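Since the structure is predicted, the reported quantities are computational estimates derived from the model, not experimental observations.
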Amino acid sequence: MAGVTDRPFRQLCRRLGAGLVVGEMVSANPDLRNTRKSQLRLNHEGEPEPIAVQIMGGDPETLAASAVFNVANGAQIIDINMGCPAKKVCNKAAGSALLKDEGLVKEILHAVVESVDVPVSLKIRTGWAPEHRNGPTVAQMAEKAGIVSLAVHGRTRACGYRDTVEYDTIRTIKQSVSIPVFANGDITSARKAAEVMQYTGADGVLIGRAAQGRPWIFREVVHFLQTGEELPPPALNEVEQILLDHMAELYQFYGEYLGLRIARKHVSWYLQNQEEDKDFRSRFNRLESAAEQLMAVQHWFKELKRKKELAA
């Protein structure tokens with residue numbers, strides 16, 4: 001979710017019901033801290049607490065130093081990423097590639113936990129290949145090291161985002177440790193969240209890609225867990241306002257040049273959950289000012305509402 005869960009998106013998700021949001025994954029490499037990308041990812045101004053920062057790397061000392069740096073920068077929770085399957089991460093022996101080296105995992109966990117006085121959580125996959133689902137072993141190792149909670153994605157590193165996610169290993173992990181376990185992977189609705197929690201015994205769920213263009217999924221999950229009833233989808237007027245406000249926050253956070261380019265992918269996600277018009281997306285992606293983008297989105301919703309009124 002790096003490149004997606006920036007500060008504007010995190011704040012939006014919190015407003016719409018997310019209980020906790022985690023910052024974009026940042027490299028533990030100190031040489032990268034002063035880049036524009038890292039500075040933006042480390043910006044947590046105005047975010048509701050607790051501030052959770054996810055760090056990525058493959059060296060215990062470097063990760064520990066990164067944890068110290070981020071706590072000094074305002075982090076109240078450090079999350080270690082051992083779940084990302086991206087080649088550019090795994091090729092550096094980081095992310096889910098670490099699961100192949102349990103000795104190194106143990107060193108990293110102890111180094112980070114012992115370096116800071118804030119809670120340290122861990123994100124893992126079920127293993128590094130379908131025939132090597134060592135998630136339960138890593139989970140027990142994490143608990144002994146002082147990790148306070150686990151998030152488990154129901155695929156192995158080798159699976160990437162292909163194949164059907166499996167929750168059996170998450171259930172086994174939950175049964176093998178006493179710390180909170182959060183299930184992750186293909187949780188696309190409030191009902192699915194409840195079903196996964198019931199099946200695995202997980203204490204909660206993490207939602208990533210399903211929130212792209214649908215940040216209100218969090219309040220839907222909360223409502224379903226509290227009442228057993230599904231919320232109706234938001235009205236078009238509300239979707240329009242959420243999107244326009246999100247775009248405005250992107251322009252303010254990134255500046256107009258970069259903000260309008262980042263807005264393109266978000267607008268595409270929002271509209272594909274409505275009735276996406278591919279011609280509109282093509283035209284929209286050629287717009288070169290924030291004012292034009294906002295006007296185009298307003299016009300798109302106006303036309304969609306007009307069509308729905310005529311159909312009714």
Side-chain angles (χ1 to χ4, degrees), residues 1-6 8-22 24-25 54 79 81 83-86 96 123-126 130 135 149-171 173-174 180-236 238-240 242-243 246 265-278 281:
M1 297 295 287
V4 179
T5 54
D6 53 22
F9 190 68
R10 294 195 301 272
Q11 291 176 321
L12 174 60
C13 291
R14 282 297 298 268
R15 288 197 298 270
L16 291 174
L20 176 71
V21 293
V22 182
E24 294 173 273
M25 180 174 64
Q54 186 176 91
D79 188 54
N81 185 296
C84 181
S96 56
K123 171 74 181 290
I124 64 173
R125 288 192 161 222
T126 55
S149 67
L150 280 169
V152 186
H153 184 97
R155 292 182 176 89
T156 68
R157 173 207 168 181
C159 293
Y161 291 102
R162 306 181 309 276
D163 306 323
T164 303
V165 67
E166 57 93 11
Y167 303 110
D168 291 327
T169 307
I170 299 178
R171 182 167 62 175
I173 288 172
K174 173 58 186 172
V181 173
F182 301 97
N184 175 233
D186 288 9
I187 298 171
T188 55
S189 70
R191 185 175 295 276
K192 181 69 174 291
E195 290 172 350
V196 169
M197 287 179 64
Q198 182 176 18
Y199 182 77
T200 61
D203 300 277
V205 294
L206 266 68
I207 295 175
R209 289 175 294 162
Q212 294 174 176
R214 266 181 69 206
W216 49 84
I217 189 174
F218 298 103
R219 73 180 181 196
E220 293 174 347
V221 172
V222 171
H223 182 81
F224 190 87
L225 292 177
Q226 291 177 343
T227 69
E229 298 176 354
E230 294 180 348
L231 275 178
L236 276 179
E238 185 184 12
V239 174
E240 179 183 8
I242 289 172
L243 175 52
H246 189 176
K265 63 184 178 185
H266 284 283
V267 168
S268 177
W269 288 327
Y270 277 92
L271 300 193
Q272 75 182 3
N273 288 315
Q274 300 299 320
E275 295 178 12
E276 187 181 22
D277 180 339
K278 292 182 180 179
R281 183 170 62 175

Do you know which two heavy atoms are closest between [X] and [Y], and how far apart they sit?
X      : Y      : result
Leu231 : Arg219 : CD1-O, 3.8 Å
Val196 : Ala183 : CG1-CB, 3.6 Å
Pro215 : Ile242 : CG-CG2, 4.3 Å
Ala190 : Glu220 : CB-O, 3.4 Å
Ile187 : Leu206 : CD1-O, 4.1 Å
Glu24  : Val4   : OE2-N, 4.0 Å

| field | Side chains of Leu225 and Met197 in contact at under 4.5 Å (non-hydrogen atoms) | value |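 Yes, close enough: below the 4.5 Å cut-off.
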| Tyr199 vs Ile170 side-chain heavy atoms within contact, under 4.5 Å |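 No, too far: nothing below the 4.5 Å cut-off.
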| request: Not counting sequence neighbours, which residues clear side chain to side chain contact (heavy atoms under 4.5 Å, CB included) with Ser149? List them please. | output: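 For Ser149 the side chain to side chain contact (heavy atoms under 4.5 Å, CB included) partners, ignoring immediate neighbours, are Ser121, Pro180, Phe182.
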| message | Among residues at least two apart in sequence or on other chains, which ones pass side chain to side chain contact (heavy atoms under 4.5 Å, CB included) with Val21? | response |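 For Val21 the side chain to side chain contact (heavy atoms under 4.5 Å, CB included) partners, ignoring immediate neighbours, are Arg10, Cys13, Arg14, Ala18, Glu47.
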| request: Measure from the side-chain N and O atoms of Lys265 to the backbone N and O of Gly3, and report whether any donor-acceptor pair falls under 3.5 Å. | output: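 Yes.
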| Test item: Arg281 side-chain N/O and Gln272 main-chain N/O as donor-acceptor pair under 3.5 Å |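 Not at all, since once roles are kept as given, no pair shorter than 3.5 Å links the two residues.
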To the nearest 0.5 Å, how far apart are [atom1] in [X] and [atom2] in [Y]?
X      : Y      : atom1 : atom2 : answer
Leu243 : Trp269 : CG    : CH2   : 12.5 Å
Leu150 : Ile173 : CG    : CD1   : 7.0 Å
Ile207 : Thr188 : CD1   : OG1   : 8.5 Å

| For Arg125 and Thr156, what are the C-alpha separation, side-chain angles and deciding distance, and is it a side-chain contact (heavy atoms from CB on, under 4.5 Å)? | CA-CA 5 Å; Arg125 288 192 161 222; Thr156 68; 5.6 Å; no
| task | Step by step, work out the side-chain contact (heavy atoms from CB on, under 4.5 Å) result for Glu166 and Thr126. | result | CA-CA 9 Å; Glu166 57 93 11; Thr126 55; 3.6 Å; yes
| field | Side-chain ion pair, Lys192 and Asp186, N-O less than 4.0 Å | value |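 Answer for the salt bridge query: no.
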| query | Quick one: side chain to side chain donor-acceptor pair (under 3.5 Å) partners of His266, sequence neighbours excluded? | reply |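 Counting only residues at least two positions away or on another chain, His266 forms no side chain to side chain donor-acceptor pair (under 3.5 Å).
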| Stacked cation flag Arg191 on Phe224, 6.0 angstrom / 45 deg |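 No.
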| message | Exactly one of Thr200, Thr169, Asp203 should register a side-chain hydrogen bond (donor to acceptor under 3.5 Å, both in side chains) with Lys174. Which one does? | response |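 One option only clears the test, and that one is Asp203.
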| Going by the angle between their ring planes, with limits at 30° and 60°, are His246 and Tyr270 parallel, tilted or perpendicular? |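 If you compare the ring of His246 with that of Tyr270, the planes turn out perpendicular.
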